[in-house]
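Right, one structure below, let's go through it.
Every value quoted in this text rests on a predicted model; they were computed, and no experiment measured them.
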Amino acid sequence: MDEEAEKQQKKHLAMLERLAKRPQTRSGNSEPSSESTSSFLSRFSHLKTSIDSQLAHSHSLSSDPSQLKLHFHNISASISDLEKLVAENSYFLPSYDVRTSLKTVSDLKHALDDLNSQLIPKKKFTFKNKTNKKDNDSAIPQPKQPQPPNNRDFGSLDKTNFVERDSPGFRNKAGEVLVQEFRGSEVGEFTVSDLDSCEVRIIGCVRALFVHRLRNCRVYVGPVTGSILIEEVEGCVFAVASHQIRIHGARRSDFYLRVRSRPIIEDSNGVRFAPYCLSYKGIEEDLRGAGLDAETGNWANVDDFRWLRAVQSPNWSILPENERIGIADISNSENGNKEI
């Protein structure tokens with residue numbers, strides 16, 4: 001182990017020791033099963049060891065850029081699976097284990113980013129000698145149209161290792177009302193990504209929701225029986241109910257939540273929280289079926305993963321009552337655009 005790696009490991013262990021000394025608080029009276037926690041930690045350790053091995057193997061592929069890119073893509077997918085494992089088990093895990101597991105996931109992401117920067121060369125800048133007349137002609141100002149956001153639109157937000165999923169969803173839209181109804185059946189994963197100035201309405205239950213790269217959107221979602229992952233959003237409003245929720249890279253956004261475990265934020269600021277406010281015909285039945293009919297109050301118990309001090313994180317706050325939107329009734333969805 002080189003000096004820099006040893007220094008990073010010592011720093012990581014010191015952080016874990018500080019976290020271990022912090023008082024633990026959990027909602028509810030039941031203690032997490034030691035067998036469940038042990039099983040999770042064993043599986044987590046096995047997956048982490050596999051990812052570490054893949055990262056270590058990267059240098060041997062540096063002579064073949066195409067193979068190296070595929071290798072990095074596979075590592076990114078493995079890290080995403082590890083992060084999903086934490087989200088799916090965070091309900092019963094002690095908060096200490098959730099924090100340390102998410103810190104490990106974050107370290108793996110940074111390690112992958114570092115390797116990607118080191119081993120995949122950047123394109124060199126070159127000057128062009130000739131100017132195409134068509135390019136000059138096309139420089140005439142055109143009326144501005146709303147465009148779906150992309151990575152460059154979110155330059156102020158942190159980059160993440162988001163893995164594009166093949167699940168049903170809404171993608172690459174601007175200025176639309178997008179409606180999907182799952183009454184009487186439950187879909188698996190649903191993805192909402194790359195939207196600008198849209199309103200999303202999802203009626204019924206889904207097992208998992210993935211949200212990525214949204215700007216100035218309103219997202220209203222019925223019960224999610226598993227977990228929600230929200231990444232890189234700005235100026236948005238969310239009304240969602242789930243067992244677990246993690247928010248990464250959010251800016252100036254409001255979250256109306258009903259959640260069984262404590263919400264987790266990371267690399268976010270200007271985010272505000274309030275209780276769930278969604279309504280549609282049959283929502284009470286859907287909430288009962290998802291085990292989310294009881295209000296836990298966890299919408300106000302937010303864990304900021306990047307703020308380890310004992311005082312309140314400055315990155316989130318309670319949304320004042322006089323600024324809340326009230327009940328959002330999405331029962332009438334006839335004017336929406338359906339798309340899968």
Side-chain angles (χ1 to χ4, degrees), residues 1-9 11-12 43-87 101-132 134-135 138 147-167 169 171-172 189 191-196 210-215 229-234 246 248-249 266-267 306:
M1 178 181 297
D2 59 32
E3 183 179 350
E4 181 62 24
E6 186 175 0
K7 185 187 298 184
Q8 290 296 329
Q9 185 179 37
K11 183 178 179 181
H12 179 53
R43 187 178 175 192
F44 184 91
S45 177
H46 175 75
L47 291 174
K48 178 187 179 298
T49 299
S50 175
I51 294 171
D52 285 335
S53 177
Q54 293 178 70
L55 290 170
H57 183 59
S58 300
H59 286 277
S60 65
L61 301 174
S62 58
S63 60
D64 188 344
S66 61
Q67 187 175 358
L68 188 61
K69 288 181 180 179
L70 177 60
H71 178 68
F72 283 159
H73 176 79
N74 291 335
I75 295 176
S76 178
S78 296
I79 294 175
S80 180
D81 289 341
L82 190 65
E83 187 172 41
K84 185 177 178 181
L85 176 68
V86 178
S101 297
L102 290 176
K103 178 61 169 65
T104 298
V105 171
S106 180
D107 289 344
L108 290 171
K109 287 184 176 183
H110 288 304
L112 178 59
D113 287 341
D114 290 343
L115 280 172
N116 188 76
S117 299
Q118 293 172 19
L119 301 181
I120 297 182
K122 299 285 191 302
K123 290 184 177 179
K124 294 182 179 180
F125 178 80
T126 58
F127 289 97
K128 293 183 178 180
N129 294 324
K130 296 182 179 180
T131 302
N132 192 315
K134 291 183 178 180
D135 292 339
S138 64
Q147 296 294 328
N150 54 39
N151 282 329
R152 289 175 294 178
D153 293 329
F154 287 87
S156 62
L157 302 180
D158 295 329
K159 293 182 179 179
T160 60
N161 288 306
F162 179 79
V163 177
E164 185 66 31
R165 293 172 169 84
D166 295 329
S167 60
R171 298 173 174 88
N172 302 303
E189 297 181 353
T191 297
V192 178
S193 70
D194 300 286
L195 305 184
D196 187 358
F210 299 97
V211 178
H212 192 59
R213 290 196 299 268
L214 269 59
R215 173 175 285 166
L229 176 63
I230 297 176
E231 296 185 305
E232 298 187 24
V233 298
E234 184 174 3
R246 184 179 178 193
H248 184 279
E266 183 178 3
D267 296 327
R306 291 299 187 189

Applying ring-ring contact (aromatic ring centres under 6.0 Å, His included), name anything that partners F44, two or more places apart in sequence or on another chain.
F40

N-O pairing of K103 and D107 below 4.0 Å
yes

Is there side-chain contact between I75 and L108, with heavy atoms separated by less than 4.5 Å?
no

Between atom OG of S106 and atom CG of D267, what is the distance when rounded to the nearest 0.5 Å?
7.0 Å

Counterpart residues, side-chain contact (heavy atoms from CB on, under 4.5 Å), relative to S78 (two or more places apart):
I51, Q54

Could you work out, with side-chain contact (heavy atoms from CB on, under 4.5 Å) as the rule, every residue matching L47, not counting sequence neighbours?
R43, L82, L85

Quick check for you: to the nearest 0.5 Å, what is the distance between S193 atom OG and E231 atom CD?
11.0 Å

Among all residues two or more places apart in sequence or in another chain, which pass the salt bridge (charged side-chain N to carboxylate O under 4.0 Å, His left out) test with D52?
K48

Supply the atom-to-atom distance H212 NE2 to H248 NE2, rounded to the nearest 0.5 angstrom.
10.0 Å

Calculate, to the nearest 0.5 Å, the distance between atoms NZ and NE2 belonging to K69 and H73 respectively.
13.0 Å

Show, in sequence, the C-alpha distance, side-chain angles and deciding distance for S58 and F72, and conclude whether the side chain to side chain contact (heavy atoms under 4.5 Å, CB included) test is met.
CA-CA 8 Å; S58 300; F72 283 159; 3.5 Å; yes

What distance separates N172 CG from L195 CG, expressed to the nearest 0.5 Å?
8.0 Å

All heavy atoms of K109 vs all of I79, minimum pair found to be CG-CG2, 3.8 Å

Do you know which two heavy atoms are closest between L229 and E83, and how far apart they sit?
CD2-OE1, 4.2 Å

Residues which pass side chain to side chain donor-acceptor pair (under 3.5 Å) with H59, listed by chain and number, not counting sequence neighbours:
none

Would R213 and D194 pass as an ion pair if we require N to O under 4.0 Å?
yes

With rounding to the nearest 0.5 Å, note down the distance linking CG in L115 to NE2 in H57.
12.5 Å

Side chain to side chain donor-acceptor pair (under 3.5 Å) partners of T49, counting only residues at least two apart:
none

